[in-house]
Amino acid sequence: MPQGQPAVVPDDGLTTRQRRNRPLVLVHTGVGKGKSTAAFGLALRGWTQGWPIGVFQFVKSAKWKVGEEHALKVLGASGEGGSVDWHKMGEGWSWVQRDKQLSNEDAAREGWEQVKRDLAAQTYRLYVLDEFAYPMHWGWVDTDEVVQVLRERPGTQHVVITGRNAPEALVELADLVTDMTKVKHPMDAGQKGQRGIEW
């Protein structure tokens, strides 16, 4: 792919600009480190373009302090780029009044229901569905429904989904799939995670 030129130009009737600006589904999966980090890097790029960003963190505990959360919230409030809304399942989804009574499975479903509402309303230009591959893999959220909703989403909304074991149907739908592989990790040598690297 020299100088950013695609290897193939499809005969789809679209102009170069139309093809370039079509909305994407991106999947970061695999057992290696960096899936969420890469997705938050995309959020930074979207923020610089003035895009409204919606982050939905599935599975992760509210006690887990993610460094990117603070940074993106500060940037979102700065008024210089796009807005940033951050939703964490572990804290209880803010739009659900009964959130403390929900099981993890129910909370994941509630999160997906909100994502569907936001996609229909075109609330964000970029959605980061962090660790969302897990609820699909575990059967908490119906993968076929996710694929259909993403395929039919209106406008120019980009969606990035992270997590191990991304279902094959999601991989088939996605425009970009990265499988993070682990070659070495400090934990293999008995070292625990550290500030600034894991969180």
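FYI, the numbering just counts along the sequence from 1.
Shown here for V141 and A108, the closest heavy-atom pair between the two residues is CG2-O, 4.1 Å. The two residues V128 and A39 come nearest to each other via the heavy atoms CG1-CB, 3.9 Å. Across every non-hydrogen atom of P167 and M136, the tightest pair is CG-CB, 3.7 Å. Listed here is the closest heavy atom pair of T162 and S36: OG1-OG, 3.8 Å. In plain terms, the two heavy atoms of A133 and I161 that are nearest each other are N-CG2, 3.9 Å. The shortest heavy-atom contact between L24 and D175 is CA-OD2, 3.3 Å.
By the neighbour-count criterion of 12 heavy atoms within 6.0 Å, atom NE2 of H70 is sparsely surrounded, having that number or fewer from other residues, nucleotides or ligands.
Counting heavy atoms from C-beta on, the side chains of D85 and H87 come closer than 4.5 Å. L119 is listed as a side-chain neighbour of V159, based on a closest heavy-atom distance under 4.5 Å. At least one side-chain heavy atom of M89 sits under 4.5 Å from a side-chain heavy atom of N104. A 4.5 Å side-chain heavy-atom check between L173 and L150 finds at least one atom pair inside the cut-off. By the 4.5 Å heavy-atom criterion applied to side chains, E68 and V55 are not counted as neighbours. A 4.5 Å side-chain heavy-atom check between Y124 and F56 finds at least one atom pair inside the cut-off. Under the 4.5 Å side-chain criterion, counting only non-hydrogen atoms from C-beta, R125 is not in contact with Q49.
Interatomic distance, D130 CG to T37 OG1, rounded to the nearest 0.5 Å: 9.0 Å. For the atom pair CH2 of W51 and OG1 of T156, the computed distance is 8.0 Å after rounding to the nearest 0.5 Å. In this structure, NE2 in H137 is found 10.5 Å from CZ in R164, a value given to the nearest 0.5 Å. Rounded to the nearest 0.5 angstrom, T181 OG1 and K33 NZ are separated by 14.0 Å. A distance of 8.0 Å separates CD of E80 from CG of L75, quoted to the nearest 0.5 Å. The distance from atom OG1 of T123 to atom CD of Q157, rounded to the nearest 0.5 Å, is 7.5 Å.
Ring to ring, W112 and F58 are not that close: their centroids are 6.0 angstrom or more apart.
A single hydrophobic cluster is not seen to contain both V31 and L170; linkage of ILVMFWY side chains at heavy-atom distances under 4.5 Å, directly or through other members, places them apart. Taking hydrophobic clusters as Ile, Leu, Val, Met, Phe, Trp and Tyr residues chained together by side-chain heavy-atom distances below 4.5 Å, F40 shares a cluster with L176. No continuous path of hydrophobic side-chain contacts links V74 to L42 [ILVMFWY only; heavy atoms under 4.5 Å]. Each of M180 and L129 belongs to its own hydrophobic cluster when Ile, Leu, Val, Met, Phe, Trp and Tyr are linked at side-chain heavy-atom distances under 4.5 angstrom.
The aromatic rings of Y134 and W138 sit tilted relative to each other, their planes meeting at an angle between 30° and 60°.
With hydrogens and angles disregarded, no donor-acceptor distance shorter than 3.5 Å links the side chain of S83 to the backbone of G76. Within the 3.5 Å criterion, the main-chain N or O of K184 finds no donor-acceptor partner in the side chain of D188.
The one candidate from K116, Q114, Q122 that meets the side-chain hydrogen bond (donor to acceptor under 3.5 Å, both in side chains) condition with D118 is Q114.
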task = Report the C-alpha separation of R109 and E113 in whole Å, then their side-chain angles, then the decisive distance to 0.1 Å, and conclude whether the salt bridge (Lys or Arg N to Asp or Glu O under 4.0 Å) test is met.
result = CA-CA 6 Å; R109 285 194 190 108; E113 290 300 317; over 6 Å; no
